[in-house]
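In what follows, a structure is listed as structure tokens, so that the remarks can point back to it.
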Amino acid sequence: MTYHSKTLRNDELPAFDDRLILAIESSCDDTSAAILKGNQVLSNVTANQQIHEEYGGVVPELASREHQKHILPVVVSALKRADANLADLHAIAYTRGPGLLGSLLVGSAFAKSLALSRQIPLVEVHHMRAHIMAHFISDGTNEIPEWPFLCLTVSGGHTQLVVVRSASDMEVIGQTRDDAAGEAFDKIAKIMGLPYPGGPLIDRYAKEGDPHRFTFADPKVEGLDFSFSGLKTAVLYFLQKAVKEDPDFVEKNLNDLCASVQHTIVSILMEKLIAAAEQTGIKQVALAGGVSANSALRVTLEHTGNERGWKTFIPEFAYCTDNAAMIGIAGQFMLSEGRTGQLNSAPLARWRFEEDRD
Ligand code: KG4
Ligand code: ZN
């Protein structure tokens with residue numbers, strides 16, 4: 001027996017600008033809920049999980065349990081801040097994947113139950129596509145990219161160069177062959193003894209450091225693909241040797257180490273982004289994903305954009321790292337295309353970018 005959302009009221013939806021949508025994101029270690037009216041965010045509430053800090057990375061089972069604890073208060077708080085009631089909602093969007101299965105299950109079960117009880121449409125959103133769609137959130141003043149644009153999506157799990165032709169037509173033209181950029185930040189931070197997630201800490205210490213003090217070789221990867229695992233190994237071997245000679249080496253040189261590592265990662269990303277822009281001829285260039293919160297990457301994109309005559313787009317901080325507002329805006333566009341979900345869709349830990357209609 002199948003439970004199609006056709007049983008829900010998806011034919012009575014108001015127009016985009018009047019549509020109130022609840023969005024739920026629970027793919028990794030942040031439980032987030034947002035309310036959007038059209039492309040405007042009325043509320044965006046996120047509960048972070050501190051519990052993983054001591055383990056040096058996200059522990060999937062602990063993440064699922066934390067989501068269970070947070071999901072109801074986060075949704076209630078999002079409704080309250082938006083001054084909305086359940087009865088006002090026209091649809092519910094949730095992250096179907098990719099991500100940690102136990103974490104996704106919490107958000108998807110919650111979203112489905114609520115959509116069923118309210119008899120409103122459900123929208124199944126692809127997390128990486130939503131990072132890109134965050135650019136279409138409007139506060140009434142920000143500029144929004146025009147199609148087609150080029151987006152460098154850099155998160156803890158993905159590093160992708162995407163040609164975005166429309167909300168539903170996106171093509172990955174380059175990606176990492178091993179670690180993601182955020183993963184490289186986090187793993188190198190861990191090698192230096194910093195807690196998880198190390199990316200924002202490297203960014204903070206790098207502000208006081210010399211980016212040219214230490215040099216690490218750029219990986220040689222052909223085409224538009226990336227590789228970051230070599231850099232992680234290079235830093236590991238370099239530090240093992242240095243610490244043998246001086247046990248306090250990392251502590252004494254933390255700022256310069258962070259600045260040099262950050263400089264290397266940003267250079268690797270920018271080299272491929274420039275190549276992608278040249279290859280496609282696209283001059284509208286955007287950043288998305290958690291690593292787009294990195295201050296050096298943001299500044300470098302702006303400088304490079306000015307030099308090369310690009311129009312550049314960087315999401316607001318709140319919409320860079322995982323958040324439900326981006327799921328909401330992606331959901332709004334999908335609803336406009338009539339792409340509602342099904343009550344019997346299972347969450348997908350792996351979900352190929354191109355197969356978001358699965
Ligand atoms: O998009 P996101 O919130 O979650 C995933 O979908 O993975 O990205 C999280 C990643 C983590 O690896 C984190 O260390 C990194 O984004 N990150 C940063 C910064 N803020 C978050 N990396 C470098 N500098 C930052 N300021
Ligand atoms: Zn993400």
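We count ligands from 1, going down the list as the structure has it; atoms in each ligand are counted the same way.
Among the atoms of Asp322, some N or O lies under 3.5 angstrom from an N or O of ligand 1. Among the atoms of Gly199, some N or O lies under 3.5 angstrom from an N or O of ligand 1. Distances between N or O atoms of Gly290 and those of ligand 1 include at least one value under 3.5 Å. Below 3.5 Å of separation, one finds an N or O of His131 facing an N or O of ligand 1.
Every atom of ligand 1 with a heavy atom of Thr321 under 4.0 Å away is listed here by number and element: 3 (O), 21 (C). Close contacts between ligand 1 and Ala293 involve ligand atoms 20 (N), 26 (N) [criterion: under 4.0 Å to a heavy atom]. The atoms of ligand 1 that sit less than 4.0 Å from any heavy atom of His127 are 6 (O). The contact set between ligand 1 and Gly157, taken as ligand atoms under 4.0 Å from a residue heavy atom, comprises 7 (O). Every atom of ligand 1 is numbered from 1 in the order shown, and the set under 4.0 Å from a heavy atom of Gly182 is 12 (O).
Between Lys80 and Ser43, every side-chain heavy-atom pair lies at or beyond the 4.5 Å cut-off. In this structure, the side chains of Leu273 and Leu161 come closer than 4.5 Å at one or more pairs of heavy atoms.
Here His127 pairs with His131 under the ring pair (Phe, Tyr, Trp, His ring centres under 6.0 Å) rule; sequence neighbours left out.
Side chain of Asp88 to main chain of Ala84: no donor-acceptor pair is present (N/O by atom type, distance under 3.5 Å, no hydrogens or angles).
Minimum interatomic distance between Ser345 and Lys112 (heavy atoms only, all atoms of both residues): O-NZ, 2.5 Å.
Hydrophobic clustering (ILVMFWY, side-chain heavy atoms < 4.5 Å, transitive): Met170 and Val163 are in distinct clusters.
In terms of protein heavy-atom proximity, atom 15 (C) of ligand 1 is closest to Val291 CG2, 3.9 Å. Asn294 ND2, 3.0 Å is the protein heavy atom nearest to atom 24 (N) of ligand 1.
In this structure, the ring of Phe110 has its center no less than 6.0 angstrom from the ring center of Tyr94.
Geometrically, Arg129 engages Phe353 in a cation-pi contact defined by less than 6.0 Å to the ring centre and at most 45° from the axis.
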Verdict with reasoning, Asp178 to Glu183, per side chain to side chain contact (heavy atoms under 4.5 Å, CB included): CA-CA 10 Å; Asp178 39 58; Glu183 203 175 351; over 6 Å; no

Working for ring-ring contact (aromatic ring centres under 6.0 Å, His included), residues Phe149 and Phe313: CA-CA 10 Å; Phe149 65 95; Phe313 300 87; 7.0 Å; no

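Distances from atom 9 (C) of ligand 1 to the heavy atoms of Gly198, Gly156, Ala189, Ala134 put Gly156 nearest. Nearest-residue assignment for atom 26 (N) of ligand 1 (options Asp186, Leu297, Asp203; heavy-atom criterion): Asp203.
Ring geometry for His126 against Trp351 counts as tilted: the plane angle lies between 30° and 60°, on a 0 to 90° scale.
Residues Thr95 and Glu25 have side chains that bring a donor and an acceptor to within less than 3.5 angstrom of each other.
Distances shorter than 2.8 Å separate the Zn ion (ligand 2) from the protein N/O/S atoms His127 NE2, His131 NE2, Asp322 OD1.
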